Amino acid sequence: MSKPSIPQGTRDFGPDVVRKRAFIFNTIRSVFELYGFLPIETPAMENLETLMGKYGEEGDKLIFKILNNGLDNPAKEQQVREDFEKILQGKNNKGITERALKYDLTIPFARYVAMNHGQLTFPFKRYQVQPVWRADRPQKGRYREFYQCDADVVGSNSLLNEVEFVNLYTDVFSKLGIQGCELRINSRKILSALAEVCGGADKLTDITIAIDKLDKIGLEKVKEELSERGLTGEQVLVIEKYLDINGSNESKLAAIKELLLDTEDGKKGVNELEFILNIINDQRSKDENSKAGTTTSLIIDFTLARGLNYYTGIIFEAKAPGTVKIGSIGGGGRYDDLTGLFGVPNIPGVGISFGVDRIYDVMEELQLFPSKVEQGTRVLFFNTGLEESKKAYELLSSLRRSGIAAELFHEPTKFDKQFKYAEKKQIPFIIIIGSKELEEKAFIIKDLRSGEQRSIPFADISSLSFN
RNA sequence: GUGGCUGUAGCUCAGUUGGUUAGAGCAUCAGAUUGUGGUUCUGAGGGUCGGGGGUUCGAGACCCCUCAGUCACCCCA
(Lines give C-alpha, C1' and ligand atoms only; values in the text may rest on other atoms or scores of the structure.)
Protein backbone atom coordinates (compact mmCIF):
# COMPACT_ATOMS: atom_id res chain seq x y z
CA MET A 1 0.00 0.00 0.00
CA SER A 2 1.42 3.35 -1.00
CA LYS A 3 0.73 6.37 1.14
CA PRO A 4 -2.62 7.99 0.40
CA SER A 5 -2.48 11.32 -1.37
CA ILE A 6 -4.68 13.88 -3.07
CA PRO A 7 -4.49 15.05 -6.69
CA GLN A 8 -1.96 17.68 -7.60
CA GLY A 9 -3.12 21.20 -6.96
CA THR A 10 -5.94 20.20 -4.60
CA ARG A 11 -5.99 20.68 -0.84
CA ASP A 12 -7.51 19.35 2.35
CA PHE A 13 -8.63 22.02 4.77
CA GLY A 14 -8.31 21.49 8.52
CA PRO A 15 -10.73 22.93 11.09
CA ASP A 16 -8.98 26.24 11.66
CA VAL A 17 -8.52 26.88 7.95
CA VAL A 18 -12.17 26.09 7.23
CA ARG A 19 -13.21 28.55 9.93
CA LYS A 20 -11.11 31.30 8.42
CA ARG A 21 -12.30 30.55 4.91
CA ALA A 22 -15.88 30.59 6.14
CA PHE A 23 -15.27 34.05 7.55
CA ILE A 24 -14.28 35.26 4.07
CA PHE A 25 -17.18 33.48 2.36
CA ASN A 26 -19.71 34.79 4.84
CA THR A 27 -18.42 38.33 4.57
CA ILE A 28 -18.60 38.32 0.78
CA ARG A 29 -22.01 36.66 0.77
CA SER A 30 -23.43 39.16 3.23
CA VAL A 31 -22.23 42.09 1.10
CA PHE A 32 -23.70 40.48 -2.03
CA GLU A 33 -27.02 40.15 -0.25
CA LEU A 34 -26.74 43.72 0.98
CA TYR A 35 -26.57 44.87 -2.63
CA GLY A 36 -29.58 42.82 -3.64
CA PHE A 37 -27.94 39.84 -5.34
CA LEU A 38 -29.63 36.44 -5.20
CA PRO A 39 -27.82 33.12 -4.84
CA ILE A 40 -27.82 30.35 -7.44
CA GLU A 41 -25.81 27.16 -7.86
CA THR A 42 -24.93 25.19 -10.97
CA PRO A 43 -23.55 21.64 -11.33
CA ALA A 44 -19.87 20.81 -10.85
CA MET A 45 -19.86 19.50 -14.40
CA GLU A 46 -21.22 20.92 -17.62
CA ASN A 47 -21.60 19.48 -21.09
CA LEU A 48 -18.21 19.86 -22.73
CA GLU A 49 -19.64 21.85 -25.61
CA THR A 50 -21.02 24.44 -23.18
CA LEU A 51 -17.48 25.26 -22.13
CA MET A 52 -15.35 24.69 -25.22
CA GLY A 53 -14.36 27.76 -27.18
CA LYS A 54 -15.44 30.22 -24.49
CA TYR A 55 -12.07 30.87 -22.90
CA GLY A 56 -9.80 31.06 -25.91
CA GLU A 57 -7.41 28.48 -27.18
CA GLU A 58 -5.38 28.33 -23.97
CA GLY A 59 -8.53 28.07 -21.91
CA ASP A 60 -9.73 25.02 -23.82
CA LYS A 61 -6.56 23.19 -22.89
CA LEU A 62 -7.12 23.95 -19.22
CA ILE A 63 -10.62 22.48 -19.05
CA PHE A 64 -10.78 19.27 -17.03
CA LYS A 65 -12.52 16.72 -19.19
CA ILE A 66 -14.36 13.75 -17.76
CA LEU A 67 -13.88 10.35 -19.33
CA ASN A 68 -17.11 8.63 -20.39
CA ASN A 69 -18.19 5.48 -18.62
CA GLY A 70 -18.55 2.16 -20.37
CA LEU A 71 -15.57 2.54 -22.69
CA ASP A 72 -14.53 -1.00 -21.76
CA ASN A 73 -17.71 -2.47 -23.26
CA PRO A 74 -16.35 -5.10 -25.72
CA ALA A 75 -19.24 -4.53 -28.11
CA LYS A 76 -18.13 -0.93 -28.66
CA GLU A 77 -14.42 -1.58 -28.87
CA GLN A 78 -14.02 -0.72 -32.54
CA GLN A 79 -15.91 2.55 -32.24
CA VAL A 80 -13.97 3.54 -29.11
CA ARG A 81 -10.67 2.95 -30.90
CA GLU A 82 -11.75 5.16 -33.79
CA ASP A 83 -12.98 7.86 -31.44
CA PHE A 84 -9.78 7.76 -29.48
CA GLU A 85 -7.80 8.23 -32.65
CA LYS A 86 -9.48 11.63 -32.98
CA ILE A 87 -8.52 12.50 -29.41
CA LEU A 88 -4.91 11.76 -30.30
CA GLN A 89 -5.22 14.28 -33.10
CA GLY A 90 -6.22 16.90 -30.54
CA LYS A 91 -9.93 16.89 -31.27
CA ASN A 92 -12.55 16.25 -28.66
CA ASN A 93 -14.91 13.42 -29.28
CA LYS A 94 -18.26 12.68 -27.71
CA GLY A 95 -17.60 8.99 -27.78
CA ILE A 96 -14.74 9.48 -25.30
CA THR A 97 -15.68 12.57 -23.34
CA GLU A 98 -18.78 14.74 -23.32
CA ARG A 99 -18.66 16.31 -19.88
CA ALA A 100 -16.19 18.58 -18.13
CA LEU A 101 -15.67 20.22 -14.74
CA LYS A 102 -16.65 23.83 -14.78
CA TYR A 103 -13.84 26.28 -15.45
CA ASP A 104 -15.43 29.41 -14.03
CA LEU A 105 -18.85 30.57 -12.87
CA THR A 106 -19.59 33.08 -15.59
CA ILE A 107 -20.15 30.75 -18.55
CA PRO A 108 -22.35 28.32 -16.57
CA PHE A 109 -24.31 31.37 -15.43
CA ALA A 110 -24.70 32.53 -19.03
CA ARG A 111 -25.95 29.05 -19.86
CA TYR A 112 -28.38 29.24 -16.93
CA VAL A 113 -29.70 32.62 -18.09
CA ALA A 114 -30.06 31.38 -21.65
CA MET A 115 -32.07 28.40 -20.40
CA ASN A 116 -34.24 30.36 -17.95
CA HIS A 117 -34.55 33.85 -19.37
CA GLY A 118 -38.31 33.40 -19.73
CA GLN A 119 -38.73 33.04 -15.97
CA LEU A 120 -36.20 35.57 -14.74
CA THR A 121 -36.95 39.14 -13.69
CA PHE A 122 -34.54 41.55 -15.33
CA PRO A 123 -32.20 43.02 -14.41
CA PHE A 124 -31.28 39.71 -12.84
CA LYS A 125 -28.68 40.04 -10.11
CA ARG A 126 -27.19 36.77 -8.99
CA TYR A 127 -24.26 35.68 -6.89
CA GLN A 128 -22.61 32.29 -6.85
CA VAL A 129 -20.00 30.76 -4.56
CA GLN A 130 -18.70 27.45 -5.83
CA PRO A 131 -15.50 25.58 -6.66
CA VAL A 132 -14.10 25.61 -10.19
CA TRP A 133 -11.34 23.47 -11.73
CA ARG A 134 -8.47 24.16 -14.05
CA ALA A 135 -5.97 21.69 -15.46
CA ASP A 136 -3.24 24.24 -14.94
CA ARG A 137 0.08 23.36 -13.39
CA PRO A 138 -0.13 24.60 -9.81
CA GLN A 139 2.22 27.19 -8.35
CA LYS A 140 2.15 29.81 -5.64
CA GLY A 141 -1.42 31.05 -5.18
CA ARG A 142 -2.70 28.88 -8.03
CA TYR A 143 -4.56 25.65 -7.59
CA ARG A 144 -6.38 23.12 -9.73
CA GLU A 145 -9.46 23.35 -7.55
CA PHE A 146 -10.41 26.70 -6.10
CA TYR A 147 -13.45 28.71 -5.16
CA GLN A 148 -14.83 31.67 -6.99
CA CYS A 149 -17.31 34.16 -5.58
CA ASP A 150 -19.08 35.84 -8.45
CA ALA A 151 -21.74 38.51 -8.70
CA ASP A 152 -23.27 39.48 -12.03
CA VAL A 153 -26.05 41.73 -13.26
CA VAL A 154 -27.62 40.77 -16.56
CA GLY A 155 -30.23 42.63 -18.54
CA SER A 156 -29.00 46.15 -17.91
CA ASN A 157 -26.75 48.50 -19.87
CA SER A 158 -26.57 51.05 -17.11
CA LEU A 159 -23.12 52.09 -15.93
CA LEU A 160 -24.62 52.41 -12.46
CA ASN A 161 -24.03 48.67 -12.22
CA GLU A 162 -20.31 49.27 -12.62
CA VAL A 163 -20.50 51.95 -9.93
CA GLU A 164 -22.22 49.44 -7.66
CA PHE A 165 -19.41 46.95 -8.19
CA VAL A 166 -16.78 49.54 -7.31
CA ASN A 167 -18.60 50.12 -4.05
CA LEU A 168 -19.14 46.42 -3.52
CA TYR A 169 -15.43 45.70 -3.85
CA THR A 170 -14.70 48.54 -1.47
CA ASP A 171 -17.20 47.27 1.11
CA VAL A 172 -15.94 43.70 1.00
CA PHE A 173 -12.30 44.63 1.47
CA SER A 174 -13.24 47.04 4.21
CA LYS A 175 -15.31 44.40 6.06
CA LEU A 176 -12.49 41.91 5.75
CA GLY A 177 -10.14 44.50 7.21
CA ILE A 178 -7.81 44.61 4.22
CA GLN A 179 -6.50 48.14 3.82
CA GLY A 180 -4.74 49.59 0.83
CA CYS A 181 -6.26 47.46 -1.93
CA GLU A 182 -6.37 48.89 -5.41
CA LEU A 183 -9.22 48.56 -7.84
CA ARG A 184 -7.94 49.13 -11.35
CA ILE A 185 -10.34 49.87 -14.16
CA ASN A 186 -10.10 50.27 -17.88
CA SER A 187 -12.44 49.88 -20.82
CA ARG A 188 -12.13 47.35 -23.56
CA LYS A 189 -13.34 50.11 -25.83
CA ILE A 190 -10.16 52.07 -25.12
CA LEU A 191 -8.16 49.02 -26.07
CA SER A 192 -10.03 48.49 -29.32
CA ALA A 193 -9.65 52.20 -30.09
CA LEU A 194 -5.93 51.73 -29.65
CA ALA A 195 -6.00 48.79 -32.02
CA GLU A 196 -7.95 50.89 -34.51
CA VAL A 197 -5.46 53.77 -34.34
CA CYS A 198 -2.65 51.29 -34.82
CA GLY A 199 -4.22 50.35 -38.09
CA GLY A 200 -5.11 46.87 -37.03
CA ALA A 201 -8.47 46.22 -35.44
CA ASP A 202 -7.80 42.55 -35.99
CA LYS A 203 -4.70 42.87 -33.84
CA LEU A 204 -6.74 43.64 -30.72
CA THR A 205 -6.05 40.31 -29.05
CA ASP A 206 -2.34 40.43 -29.79
CA ILE A 207 -2.09 43.94 -28.40
CA THR A 208 -4.01 43.19 -25.22
CA ILE A 209 -2.03 40.05 -24.47
CA ALA A 210 1.24 41.90 -24.89
CA ILE A 211 0.47 45.03 -22.91
CA ASP A 212 -1.12 43.08 -20.10
CA LYS A 213 2.38 41.88 -19.29
CA LEU A 214 3.84 45.37 -18.93
CA ASP A 215 4.37 45.39 -15.16
CA LYS A 216 5.82 41.90 -15.32
CA ILE A 217 8.29 41.99 -18.20
CA GLY A 218 8.84 45.73 -18.79
CA LEU A 219 8.39 48.05 -21.74
CA GLU A 220 11.22 46.73 -23.89
CA LYS A 221 10.01 43.15 -23.79
CA VAL A 222 6.48 44.25 -24.56
CA LYS A 223 7.72 46.11 -27.62
CA GLU A 224 9.63 43.03 -28.70
CA GLU A 225 6.55 40.89 -28.31
CA LEU A 226 4.45 43.36 -30.30
CA SER A 227 6.92 43.22 -33.16
CA GLU A 228 6.92 39.45 -33.02
CA ARG A 229 3.14 39.55 -33.22
CA GLY A 230 3.42 41.42 -36.51
CA LEU A 231 3.03 45.10 -35.61
CA THR A 232 5.01 47.68 -37.54
CA GLY A 233 7.51 50.02 -35.90
CA GLU A 234 5.13 52.91 -36.30
CA GLN A 235 2.32 51.02 -34.61
CA VAL A 236 4.58 49.98 -31.77
CA LEU A 237 5.48 53.63 -31.32
CA VAL A 238 1.82 54.56 -30.84
CA ILE A 239 1.43 51.81 -28.28
CA GLU A 240 4.53 53.01 -26.48
CA LYS A 241 3.01 56.46 -26.26
CA TYR A 242 -0.18 54.85 -24.92
CA LEU A 243 1.67 52.86 -22.29
CA ASP A 244 3.59 55.95 -21.24
CA ILE A 245 0.43 57.60 -19.95
CA ASN A 246 0.53 57.98 -16.18
CA GLY A 247 -0.19 60.29 -13.28
CA SER A 248 -3.51 60.95 -11.60
CA ASN A 249 -6.74 59.56 -13.01
CA GLU A 250 -7.56 63.02 -14.36
CA SER A 251 -4.27 63.50 -16.18
CA LYS A 252 -4.49 60.00 -17.59
CA LEU A 253 -7.91 60.76 -19.02
CA ALA A 254 -6.64 64.01 -20.49
CA ALA A 255 -3.75 62.20 -22.16
CA ILE A 256 -5.88 59.40 -23.55
CA LYS A 257 -8.27 61.90 -25.08
CA GLU A 258 -5.43 63.35 -27.07
CA LEU A 259 -4.42 59.97 -28.33
CA LEU A 260 -7.72 58.23 -29.06
CA LEU A 261 -10.56 60.72 -29.12
CA ASP A 262 -10.84 60.65 -32.92
CA THR A 263 -12.21 57.16 -32.73
CA GLU A 264 -15.76 56.23 -31.89
CA ASP A 265 -14.68 53.54 -29.44
CA GLY A 266 -12.20 55.91 -27.83
CA LYS A 267 -14.90 58.46 -27.09
CA LYS A 268 -17.20 55.84 -25.65
CA GLY A 269 -14.50 54.35 -23.49
CA VAL A 270 -13.48 57.70 -22.08
CA ASN A 271 -17.10 58.56 -21.35
CA GLU A 272 -17.57 55.32 -19.48
CA LEU A 273 -14.55 55.88 -17.31
CA GLU A 274 -15.41 59.51 -16.64
CA PHE A 275 -18.96 58.64 -15.69
CA ILE A 276 -17.86 56.10 -13.11
CA LEU A 277 -15.03 58.19 -11.77
CA ASN A 278 -17.24 61.25 -11.32
CA ILE A 279 -19.90 59.42 -9.36
CA ILE A 280 -17.42 57.57 -7.19
CA ASN A 281 -15.45 60.73 -6.46
CA ASP A 282 -18.63 62.52 -5.53
CA GLN A 283 -19.76 59.69 -3.23
CA ARG A 284 -16.39 59.39 -1.59
CA SER A 285 -16.07 63.09 -0.94
CA LYS A 286 -19.00 62.66 1.43
CA ASP A 287 -17.73 59.51 3.10
CA GLU A 288 -15.65 59.47 6.26
CA ASN A 289 -13.78 56.25 5.53
CA SER A 290 -12.59 57.53 2.20
CA LYS A 291 -11.32 60.69 3.80
CA ALA A 292 -9.35 58.58 6.24
CA GLY A 293 -7.64 56.99 3.25
CA THR A 294 -8.37 53.43 4.36
CA THR A 295 -10.59 52.50 1.46
CA THR A 296 -9.75 50.70 -1.72
CA SER A 297 -8.42 53.22 -4.20
CA LEU A 298 -9.90 53.40 -7.68
CA ILE A 299 -7.23 53.70 -10.33
CA ILE A 300 -7.53 54.02 -14.08
CA ASP A 301 -5.02 51.69 -15.67
CA PHE A 302 -4.83 51.64 -19.45
CA THR A 303 -2.44 48.70 -19.34
CA LEU A 304 -5.12 46.55 -17.75
CA ALA A 305 -6.38 44.13 -20.41
CA ARG A 306 -7.63 40.87 -18.84
CA GLY A 307 -7.38 37.67 -20.77
CA LEU A 308 -10.98 36.64 -21.19
CA ASN A 309 -12.10 37.81 -24.57
CA TYR A 310 -15.82 38.09 -23.92
CA TYR A 311 -15.41 41.45 -22.19
CA THR A 312 -16.58 44.45 -24.22
CA GLY A 313 -16.79 47.43 -21.87
CA ILE A 314 -15.43 48.32 -18.46
CA ILE A 315 -12.99 45.81 -16.98
CA PHE A 316 -11.91 45.52 -13.34
CA GLU A 317 -9.03 44.06 -11.50
CA ALA A 318 -8.64 44.12 -7.73
CA LYS A 319 -5.12 44.02 -6.39
CA ALA A 320 -3.84 43.16 -2.95
CA PRO A 321 -1.94 45.82 -1.02
CA GLY A 322 1.49 46.35 -2.55
CA THR A 323 3.23 44.97 0.54
CA VAL A 324 2.09 41.44 -0.29
CA LYS A 325 3.26 39.93 -3.53
CA ILE A 326 0.03 38.18 -4.42
CA GLY A 327 -1.30 40.44 -7.13
CA SER A 328 -4.81 39.97 -8.39
CA ILE A 329 -7.47 39.01 -5.84
CA GLY A 330 -10.45 39.61 -8.05
CA GLY A 331 -11.59 40.85 -11.40
CA GLY A 332 -14.46 41.24 -13.80
CA GLY A 333 -15.99 43.32 -16.49
CA ARG A 334 -18.84 44.03 -18.87
CA TYR A 335 -19.91 41.73 -21.64
CA ASP A 336 -22.49 42.85 -24.14
CA ASP A 337 -23.75 39.58 -25.39
CA LEU A 338 -22.69 36.64 -23.30
CA THR A 339 -25.85 34.59 -23.68
CA GLY A 340 -25.68 35.08 -27.43
CA LEU A 341 -23.25 32.19 -27.37
CA PHE A 342 -26.19 30.06 -26.26
CA GLY A 343 -28.70 31.39 -28.75
CA VAL A 344 -30.31 34.11 -26.63
CA PRO A 345 -29.07 37.47 -27.94
CA ASN A 346 -29.29 40.98 -26.50
CA ILE A 347 -28.81 40.28 -22.84
CA PRO A 348 -25.92 42.48 -21.71
CA GLY A 349 -24.25 42.00 -18.36
CA VAL A 350 -21.48 42.96 -16.04
CA GLY A 351 -19.91 40.90 -13.32
CA ILE A 352 -17.08 40.55 -10.88
CA SER A 353 -15.30 37.79 -9.05
CA PHE A 354 -13.39 37.40 -5.80
CA GLY A 355 -10.46 34.98 -5.54
CA VAL A 356 -11.01 33.56 -2.09
CA ASP A 357 -7.85 31.49 -1.94
CA ARG A 358 -5.70 34.49 -2.64
CA ILE A 359 -7.66 36.71 -0.28
CA TYR A 360 -7.00 34.06 2.36
CA ASP A 361 -3.26 34.21 1.71
CA VAL A 362 -3.29 37.99 1.91
CA MET A 363 -5.20 37.98 5.20
CA GLU A 364 -2.97 35.29 6.65
CA GLU A 365 0.14 37.23 5.71
CA LEU A 366 -1.18 40.46 7.17
CA GLN A 367 -2.69 38.65 10.19
CA LEU A 368 -6.11 40.11 9.60
CA PHE A 369 -8.33 37.25 10.80
CA PRO A 370 -10.24 38.25 13.93
CA SER A 371 -9.47 35.88 16.80
CA LYS A 372 -13.16 35.09 17.27
CA VAL A 373 -13.31 33.15 14.00
CA GLU A 374 -11.24 30.42 15.62
CA GLN A 375 -13.52 30.15 18.62
CA GLY A 376 -15.09 26.75 19.18
CA THR A 377 -16.26 25.00 22.35
CA ARG A 378 -16.62 27.44 25.26
CA VAL A 379 -16.80 24.95 28.10
CA LEU A 380 -15.74 21.37 28.75
CA PHE A 381 -17.46 19.29 31.43
CA PHE A 382 -15.04 16.89 33.09
CA ASN A 383 -16.11 13.29 33.22
CA THR A 384 -15.70 11.85 36.71
CA GLY A 385 -18.04 8.87 36.49
CA LEU A 386 -21.43 7.72 35.29
CA GLU A 387 -23.65 9.30 37.94
CA GLU A 388 -21.78 12.59 37.83
CA SER A 389 -21.95 12.70 34.01
CA LYS A 390 -25.72 12.43 34.12
CA LYS A 391 -25.89 15.71 36.01
CA ALA A 392 -23.15 17.17 33.80
CA TYR A 393 -25.13 16.25 30.71
CA GLU A 394 -28.24 17.89 32.08
CA LEU A 395 -26.41 21.18 32.65
CA LEU A 396 -24.56 20.89 29.35
CA SER A 397 -27.85 20.52 27.49
CA SER A 398 -29.22 23.67 29.08
CA LEU A 399 -26.11 25.55 27.96
CA ARG A 400 -26.46 24.26 24.43
CA ARG A 401 -30.08 25.33 24.36
CA SER A 402 -28.96 28.87 25.10
CA GLY A 403 -26.39 28.73 22.31
CA ILE A 404 -23.20 28.05 24.25
CA ALA A 405 -20.97 25.42 22.68
CA ALA A 406 -20.28 22.75 25.32
CA GLU A 407 -18.81 19.26 25.49
CA LEU A 408 -18.62 16.44 28.00
CA PHE A 409 -15.31 14.57 28.07
CA HIS A 410 -15.84 11.17 26.50
CA GLU A 411 -14.61 8.98 29.35
CA PRO A 412 -13.85 9.19 33.05
CA THR A 413 -10.11 9.46 33.12
CA LYS A 414 -7.53 11.34 35.08
CA PHE A 415 -7.76 15.09 35.15
CA ASP A 416 -4.43 15.48 33.49
CA LYS A 417 -5.83 14.14 30.22
CA GLN A 418 -9.03 16.12 30.42
CA PHE A 419 -7.14 19.34 31.08
CA LYS A 420 -4.84 18.73 28.15
CA TYR A 421 -7.77 18.06 25.85
CA ALA A 422 -9.30 21.39 26.85
CA GLU A 423 -6.01 23.14 26.33
CA LYS A 424 -5.43 21.75 22.87
CA LYS A 425 -8.89 22.67 21.73
CA GLN A 426 -8.42 26.08 23.33
CA ILE A 427 -11.54 25.68 25.42
CA PRO A 428 -11.50 28.57 27.88
CA PHE A 429 -13.66 27.06 30.66
CA ILE A 430 -13.94 23.67 32.36
CA ILE A 431 -16.65 22.53 34.76
CA ILE A 432 -16.08 19.80 37.31
CA ILE A 433 -18.88 17.80 38.89
CA GLY A 434 -17.66 15.04 41.19
CA SER A 435 -19.36 13.17 43.98
CA LYS A 436 -18.75 16.02 46.40
CA GLU A 437 -20.26 18.56 44.00
CA LEU A 438 -23.27 16.33 43.39
CA GLU A 439 -23.91 16.29 47.10
CA GLU A 440 -23.49 20.07 47.46
CA LYS A 441 -25.51 20.77 44.30
CA ALA A 442 -22.80 23.12 43.06
CA PHE A 443 -20.19 22.67 40.36
CA ILE A 444 -16.69 23.99 40.10
CA ILE A 445 -15.95 26.24 37.17
CA LYS A 446 -12.41 27.14 36.22
CA ASP A 447 -11.14 29.71 33.75
CA LEU A 448 -8.14 28.06 32.17
CA ARG A 449 -6.70 31.32 30.94
CA SER A 450 -6.45 32.88 34.41
CA GLY A 451 -6.46 29.71 36.51
CA GLU A 452 -9.25 31.13 38.70
CA GLN A 453 -11.94 28.77 39.90
CA ARG A 454 -15.06 29.04 41.99
CA SER A 455 -18.09 27.05 43.07
CA ILE A 456 -21.50 27.85 41.58
CA PRO A 457 -24.88 26.30 42.49
CA PHE A 458 -26.34 24.12 39.73
CA ALA A 459 -29.39 26.34 39.46
CA ASP A 460 -27.29 29.41 38.64
CA ILE A 461 -25.62 28.04 35.52
CA SER A 462 -27.70 30.21 33.21
CA SER A 463 -26.25 33.34 34.80
CA LEU A 464 -22.76 32.54 33.50
CA SER A 465 -21.60 34.13 30.24
CA PHE A 466 -18.49 32.07 29.46
CA ASN A 467 -16.54 34.96 27.99
C1' G B 1 2.72 21.88 -22.38
C1' U B 2 8.32 23.75 -21.20
C1' G B 3 12.27 24.53 -17.53
C1' G B 4 14.74 24.99 -12.43
C1' C B 5 14.96 23.25 -7.29
C1' U B 6 13.79 19.62 -3.38
C1' G B 7 12.48 14.40 -1.50
C1' U B 8 16.02 11.37 5.43
C1' A B 9 10.96 9.84 11.94
C1' G B 10 4.10 12.60 12.39
C1' C B 11 6.58 17.98 11.58
C1' U B 12 11.26 21.10 10.82
C1' C B 13 15.86 19.61 9.46
C1' A B 14 21.48 17.56 10.46
C1' G B 15 24.26 13.61 8.26
C1' U B 16 32.11 15.37 6.62
C1' U B 17 36.13 13.65 -0.03
C1' G B 18 31.24 7.26 -0.37
C1' G B 19 32.96 3.81 5.43
C1' U B 20 30.61 -0.11 10.55
C1' U B 21 24.41 -0.12 14.26
C1' A B 22 21.19 6.91 10.27
C1' G B 23 20.80 11.51 14.37
C1' A B 24 18.67 16.26 16.84
C1' G B 25 14.65 19.52 18.15
C1' C B 26 9.46 19.67 18.30
C1' A B 27 5.19 16.45 18.47
C1' U B 28 3.10 11.60 20.34
C1' C B 29 2.67 7.88 24.29
C1' A B 30 3.96 6.20 29.35
C1' G B 31 5.77 7.37 34.30
C1' A B 32 7.15 11.01 38.39
C1' U B 33 1.42 13.14 39.77
C1' U B 34 -5.33 8.15 42.71
C1' G B 35 -9.77 15.24 41.95
C1' U B 36 -6.57 20.33 39.27
C1' G B 37 -3.60 21.40 33.23
C1' G B 38 0.29 24.81 31.24
C1' U B 39 6.59 24.34 33.71
C1' U B 40 10.17 20.53 34.76
C1' C B 41 12.44 15.61 34.90
C1' U B 42 12.77 10.30 33.28
C1' G B 43 11.73 6.73 29.68
C1' A B 44 9.48 4.60 25.19
C1' G B 45 7.65 3.99 20.33
C1' G B 46 8.35 5.53 15.58
C1' G B 47 12.61 5.03 9.23
C1' U B 48 12.40 -0.35 2.93
C1' C B 49 16.77 7.59 3.70
C1' G B 50 10.20 8.73 -2.26
C1' G B 51 10.45 4.10 -5.72
C1' G B 52 13.40 1.10 -9.29
C1' G B 53 17.99 0.07 -11.56
C1' G B 54 23.41 0.92 -11.93
C1' U B 55 28.76 2.02 -10.27
C1' U B 56 31.53 0.09 -5.84
C1' C B 57 34.48 -4.43 -1.29
C1' G B 58 30.86 -0.81 0.69
C1' A B 59 25.60 4.14 -1.38
C1' G B 60 21.30 8.32 2.60
C1' A B 61 25.45 10.55 -0.34
C1' C B 62 27.72 9.27 -7.04
C1' C B 63 25.10 8.01 -12.19
C1' C B 64 20.45 6.76 -15.01
C1' C B 65 15.17 6.14 -15.02
C1' U B 66 10.64 7.05 -12.52
C1' C B 67 7.16 9.16 -9.03
C1' A B 68 5.85 13.13 -5.84
C1' G B 69 6.23 18.06 -4.04
C1' U B 70 7.59 23.01 -5.09
C1' C B 71 8.90 27.45 -7.91
C1' A B 72 9.01 29.91 -12.61
C1' C B 73 7.32 30.39 -17.96
C1' C B 74 2.60 30.21 -21.00
C1' C B 75 -2.05 31.63 -19.12
C1' C B 76 -4.84 33.09 -15.09
C1' A B 77 -8.16 33.79 -9.56
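Model, not experiment: these values are computed from the prediction.
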Residue-phosphate contact under 4.0 Å: A:Gln8 side-chain N/O, B:G69 OP1/OP2: yes
Shortest side-chain distance from A:Ser435, nucleotide among B:G35, B:G69, B:A77: B:G35
Complementary nucleotide of B:U42, counting Watson-Crick and G-U pairs under 3.5 Å: B:A30
Over all atoms of both residues, closest heavy-atom pair of A:Ile63 and A:Leu101: CG2-O, 4.3 Å
Length of the line joining A:Asp60:CG and B:G1:P, which is rounded to integer Å: 16 Å
Other residues, nucleotides, ligands: >12 heavy atoms within 6.0 Å of A:Tyr393 OH: no
Any-strand Watson-Crick or G-U partner of B:A72, both distances under 3.5 Å: B:U2
For B:C62, the Watson-Crick or wobble counterpart (both distances under 3.5 Å): B:G54
Distance between P atoms of B:G7 and B:C13 (Å, rounded): 10 Å
SB check A:Asp265 A:Lys189 (cutoff 4.0 Å): no
A:Glu33 vs A:Tyr127, side-chain contact (heavy atoms from CB on, under 4.5 Å): CA-CA, chis, key distance, verdict: CA-CA 8 Å; A:Glu33 294 270 353; A:Tyr127 72 90; 2.6 Å; yes
Sugar-phosphate only, base, or nothing, as touched by A:Tyr143 at under 4.0 Å among non-hydrogen atoms: base
Given RNA chain B, 5'-ward residue of the pair A:Pro7 and A:Gly355, judged by closest heavy atom: A:Pro7
Side-chain-base donor-acceptor pair under 3.5 Å for A:Glu437 and B:G35: yes
Pairwise P distance, B:C5 and B:C63 [rounded to whole Å]: 12 Å
A:Lys441 NZ/CZ over A:Phe458 ring centroid, <6.0 Å and within 45° of normal: no
Aromatic plane relationship, A:Phe165 with A:Phe316 - under 30° parallel, 30 to 60° tilted, over 60° perpendicular: perpendicular
B:U66 and B:G10, which share atom name C1', separated by this distance in whole Å: 26 Å
Donor-acceptor pair present, A:Gln139 side chain and B:U70 base, under 3.5 Å: no
Touch class at under 4.0 angstrom, heavy-atom based, for A:Ile444 against every strand present: base
Parallel, tilted or perpendicular: ring planes of A:Phe354 versus A:Phe173, cut at 30 and 60 degrees: perpendicular
Touch class at under 4.0 angstrom, heavy-atom based, for A:Gly59 against every strand present: nothing
B:G23 to B:A14 separation - C1' atoms, rounded to the nearest Å: 7 Å
Interatomic distance where CZ belongs to A:Phe64 and P belongs to B:G1 [whole Å]: 11 Å
Nucleotide B:G35, atom P - distance to CD of A:Glu439 in whole Å: 17 Å
Nearest-Å distance for atom pair CD/P, residues A:Glu317 and B:C75: 14 Å
hbond_proxy A:Lys446 side chain to B:U36 base (donor-acceptor, 3.5 Å cutoff): yes
Touch class at under 4.0 angstrom, heavy-atom based, for A:Ser353 against every strand present: nothing
Interatomic distance where CZ belongs to A:Arg142 and P belongs to B:C76 [whole Å]: 9 Å
Touch class at under 4.0 angstrom, heavy-atom based, for A:Lys319 against every strand present: nothing
C1' atoms of B:U28 and B:G45, separation to the nearest Å: 9 Å
Between B:C73 (P) and A:Asp136 (CG): distance, integer Å: 12 Å
Atom-pair distance (NZ on A:Lys417; P on B:U36), nearest Å: 17 Å
Nearest-Å distance once atom P is located in both B:G18 and B:G1: 37 Å
Length of the line joining A:Glu423:CD and B:A27:P, which is rounded to integer Å: 12 Å
Phosphate OP1/OP2 of B:G31 contacted by A:Lys414 side-chain N/O (<4.0 Å): yes
First encountered from the 5' end of RNA chain B, between A:Lys424 and A:Ile433: A:Lys424
Separation of the P atoms in B:U16 and B:A59, to the nearest angstrom: 16 Å
Selected nucleotide, minimal atom distance to A:Lys140 side chain, candidates B:G31, B:A77, B:C71: B:C71
Verify stack between A:Phe415 ring and B:G37 base, 5.5 Å, 30 degrees: no
Sugar-phosphate only, base, or nothing, as touched by A:Thr106 at under 4.0 Å among non-hydrogen atoms: nothing
Sugar-phosphate, base or nothing in reach of A:Gln453, heavy atoms under 4.0 Å: base
Touch class at under 4.0 angstrom, heavy-atom based, for A:Gly141 against every strand present: base
P gap between B:U8 and B:U48, integer Å: 12 Å
A:Phe443/A:Phe382 aromatic ring centres below 6.0 Å: no
Touch class at under 4.0 angstrom, heavy-atom based, for A:Ile359 against every strand present: nothing
Heavy-atom donor-acceptor pair, A:Arg137 side-chain to B:C75 base, under 3.5 Å: no
